[in-house]
> 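Once you've had a glance at the structure underneath, I'll fire off some questions.
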Amino acid sequence: MADRINYSRIIQVATLLAFGLGCGARYTADWESLDARPLPNWFDDVKFGVFIHWGVFSVPGFGKFSEWFWYWWKGLKYQEEIAFMRKNYPPNFQYADFANEFHAEFFDANSWAEILEASGAKYVVFTSKHHDGFTNWPSPTSWNWNSMDVGPHRDLVGELAVAVRKRNLHFGLYHSMFEWFNPLYLSDEASGFKNQDFVFGKALPELVQLVKTYKPDLIWSDGDWNAPDTYWNSTEFLAWLYNDSPVKDVVVTNDRWGKGCYCKHGGYYNCADRYTPTEVPTHKWEKCQTIDTLSWGYRRYMKATELLTLPNILKDMMYVVAFGGNYLLNIGPMSDGMIPPVFEERLRDIGSWLKINGEAVYGSKAWRAQTEQAVVPLYYTAKNNSVYAVIFGWPPNQRLQLSLPKTSEATNVTLLDYPNMPLTWKPVKGAGLVIAMPPMAASAGNTWTLKLEGVA
């Protein structure tokens, strides 16, 4: 009870003290005020991040959306999961027993950070706790169900936070608000969410501890959808986060803070998983996508045909960037702490492409048009006084006509692969231009970028 009182009042007490000391403009615990907070600039500039789903669920590594294994098995009692357990584990085996097999023996945070940096990602979002409630840090409110007490016997969040920041990447944390089978949560749910024992005894203490201990630049909230934000005490937490926390000036949050919140309240919008708008949203947004099309967590039996290819990823990413969003690409490490080689390969290949073409991505903005009909698919982005046309496939006959850019006497066209070699182009009557493309060898990504200067 003492822990509950301390954590449940910390936000209100901090707010009262700050007002009493005569601080300046502050955010109040309501959506009108919180939604008015400007998004820290770093988030819009970085464009590309890596999402990491890792935990006890990585041990069985089974089923579609393997991170939901426990719920599929014991909650909905799916026959596929039941048959898997009967075939491979003794009758009395429980989900909690998987934690003893979550050894993470090959986990090297510095090795992960090197791969993440090589991918060209500028921010990382790591699973601190998924819906099974297992925490990847020594949470005092998750006794014997955290990575220090059982399994790896290590502070996985802490190790990765240090390694990622050494590479000058932004470090973010995914945190599930609810836990499928936590008795406190189930009791609150049975009360119609009139009781808040789980919130003040578990969810809020963990969020406050994560912020104070690891100082994340981003909080990716999830698992909120069954209960309203008033149950989760979301506005009070966010007011403390934005006003008084150690990351108040830099932290970014998403929109999953209670039933009905997503695409409506919060920092930036995730909306639904794999959110893909068809018009440029008026609010900053992010698409989370996963290389394994069937799971966020690791699947031991995934097949190459079920994975996004490099051209798939680049086209998806550039669609998102062209429409003003950020692209958060997920990987699921193995329980031993290794990033599957195929995921590493994808990440390094993306990084190789971004080394050449990143100018069209980082710090870019949505142009007045996002795409047009041409002989190859393409998306437009813009930065400073330049427009970028990212093309997918090489134009037949080495001739590319663009109808939307308005040329001038100052127009200059280059390929980012050869930035010092201007390409020959001719204006088209009415609008647009025809570009003479140079010979080009095949590329693994099948994606190139034209830089157009002096166009409108």
Side-chain angles (χ1 to χ4, degrees), residues 50-63 65-70 88-89 93-119 121 124-167 169 171-176 179 206 209-210 213-214 216 220 222 290-292 295-302 329-347:
V50 174
F51 211 174
I52 304 174
H53 275 69
W54 194 40
V56 170
F57 52 80
S58 307
V59 177
F62 181 82
F65 304 119
S66 68
E67 67 282 0
W68 281 66
F69 179 83
W70 192 10
N88 297 285
Y89 296 90
F93 196 93
Q94 300 298 316
Y95 183 80
D97 295 325
F98 283 124
N100 295 316
E101 299 180 16
F102 181 36
H103 300 306
E105 63 268 34
F106 299 126
F107 172 57
D108 180 343
N110 291 312
S111 177
W112 278 26
E114 186 277 323
I115 295 170
L116 296 168
E117 181 185 37
S119 75
V124 176
V125 179
F126 180 61
T127 305
S128 67
K129 183 192 74 172
H130 206 260
H131 311 322
D132 60 3
F134 185 88
T135 68
N136 281 329
W137 85 98
S139 168
T141 58
S142 191
W143 179 81
N144 210 37
W145 193 232
N146 67 74
S147 63
M148 186 65 78
D149 289 347
V150 65
H153 299 290
R154 297 163 66 178
D155 180 356
L156 305 177
V157 170
E159 290 183 35
L160 189 61
V162 171
V164 162
R165 286 178 170 133
K166 283 181 180 177
R167 301 276 176 170
L169 305 180
F171 183 69
L173 289 173
Y174 168 102
H175 175 268
S176 173
E179 297 173 18
E206 287 183 339
Q209 189 206 12
L210 284 170
T213 304
Y214 304 108
W220 213 101
D222 195 22
T290 182
I291 297 175
D292 178 357
S295 187
W296 301 88
Y298 174 64
R299 287 189 308 133
R300 288 189 282 172
Y301 61 108
M302 64 181 175
L329 185 64
N330 179 76
I331 60 170
M334 296 181 282
S335 63
D336 62 11
M338 292 298 295
I339 294 175
V342 66
F343 292 163
E344 179 180 349
E345 180 182 53
R346 291 288 191 278
L347 293 179

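These values consider heavy atoms only, across backbone and side chains, with no hydrogens, waters or symmetry-generated copies. We number each residue from 1, following the sequence as shown.
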> Roughly how far, to the nearest 0.5 Å, is CD of Glu67 from NE2 of His130?
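Here the rounded value is 5.0 Å.
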> Give the minimum heavy-atom separation between His131 and Asp222, together with the two atoms involved.
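The pair with the smallest heavy-atom distance is CE1-OD2, 3.6 Å.
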> Where is the tightest heavy-atom contact between Gly172 and Pro216, given as atom of each residue plus distance?
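That would be CA-CB, 4.5 Å.
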> Looking at every non-hydrogen atom in both residues, tell me the closest pair between Ser66 and Ser295 and how far apart they are.
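Looking at all heavy atoms of both residues, the closest pair is N-OG, 2.9 Å.
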> With no hydrogens and no angle check, is any side-chain donor or acceptor of Arg154 less than 3.5 Å from a backbone partner on Ala104?
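Checked: pair present.
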> Rounded to the nearest 0.5 Å, how far apart are NZ of Lys129 and CH2 of Trp145?
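It is 12.0 Å, given to the nearest 0.5 Å.
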> Specify the closest pair of heavy atoms between Gln209 and Ser139, including all atoms of both residues, with the distance to one decimal.
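Of all heavy-atom pairs spanning Gln209 and Ser139, the closest is OE1-CA, 3.9 Å.
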> Do Arg346 and Phe343 form a cation-pi contact, if we require the NZ or CZ to be under 6.0 Å from the six-membered ring centre and within 45 degrees of the ring's axis?
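Relative to the ring axis of Phe343, which defines the angle, Arg346 lies outside at least one limit.
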> For residues Phe98 and Phe57, establish whether the separation of their ring centroids is below 6.0 Å.
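For Phe98 and Phe57, the ring centres are not under 6.0 Å apart.
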> Can you find a heavy atom in the side chain of Phe93 that is under 4.5 Å from one in the side chain of Asn88?
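Phe93 vs Asn88: side chains apart.
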> Can you list the steps and then say if Tyr298 with Trp54 is a ring-ring contact (aromatic ring centres under 6.0 Å, His included)?
CA-CA 8 Å; Tyr298 174 64; Trp54 194 40; over 10 Å; no
> Counting N and O atoms only, with roles assigned by atom type, does the side chain of His103 sit under 3.5 Å from a partner on the main chain of Pro152, one being a donor and the other an acceptor?
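Checked: no pair found.
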> Classify the side-chain pair Asn136/Tyr174 by whether it contains a donor and acceptor separated by less than 3.5 Å.
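Looking only at side-chain atoms, Tyr174 and Asn136 do not form any donor-acceptor pair under 3.5 Å.
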> Where do Ser119 and Val50 come nearest, in terms of heavy atoms and distance?
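Shortest heavy-atom separation between Ser119 and Val50 comes out as OG-CG2, 4.0 Å.
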> What verdict does the ring-ring contact (aromatic ring centres under 6.0 Å, His included) test give for Trp220 and Phe51, after you've listed the backbone C-alpha separation in whole Å, the side-chain angles of each residue and the deciding distance to 0.1 Å?
CA-CA 10 Å; Trp220 213 101; Phe51 211 174; 4.9 Å; yes
> Calculate, to the nearest 0.5 Å, the distance between atoms CD1 and CD1 belonging to Ile339 and Ile52 respectively.
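With rounding to 0.5 Å, CD1 (Ile339) is 6.0 Å from CD1 (Ile52).
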> How about His175 and Leu210: do any of their side-chain heavy atoms sit closer than 4.5 Å?
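With C-beta onward as the side chain, the pair touches.
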> Within the structure provided, determine whether Ile331 and Trp112 are in side-chain contact (heavy-atom separation under 4.5 Å).
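No, side chains not in contact.
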> How about Phe62 and Tyr301: are their ring centroids closer than 6.0 Å?
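Between Tyr301 and Phe62, which both carry aromatic rings, the centre distance is below 6.0 Å.
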> When you look at Arg167 and Leu116, which way does the side chain to side chain contact (heavy atoms under 4.5 Å, CB included) test go after all the steps?
CA-CA 9 Å; Arg167 301 276 176 170; Leu116 296 168; over 6 Å; no
> Taking atom CG of Asp108 and atom CE of Met338, what is their separation to the nearest 0.5 Å?
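Output value for this atom pair is 9.0 Å.
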> Which atom pair, heavy atoms only, marks the closest approach of Pro340 to Met334?
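Looking at all heavy atoms of both residues, the closest pair is CG-CG, 3.9 Å.
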> Are the side chains of Phe69 and Asp132 in touch, meaning some heavy atoms are under 4.5 Å apart?
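Not in contact.
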> Among side-chain atoms of Thr290 and Asn330, is any donor-acceptor pair under 3.5 angstrom?
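Yes.
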> Say you draw a straight line from OG of Ser142 to CH2 of Trp137; how long is it, rounded to the nearest 0.5 Å?
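Interatomic distance, Ser142 OG to Trp137 CH2, rounded to 0.5 Å: 7.5 Å.
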> Drop me the distance from Tyr89's OH to Gln94's CD, to the nearest 0.5 angstrom.
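Output value for this atom pair is 13.5 Å.
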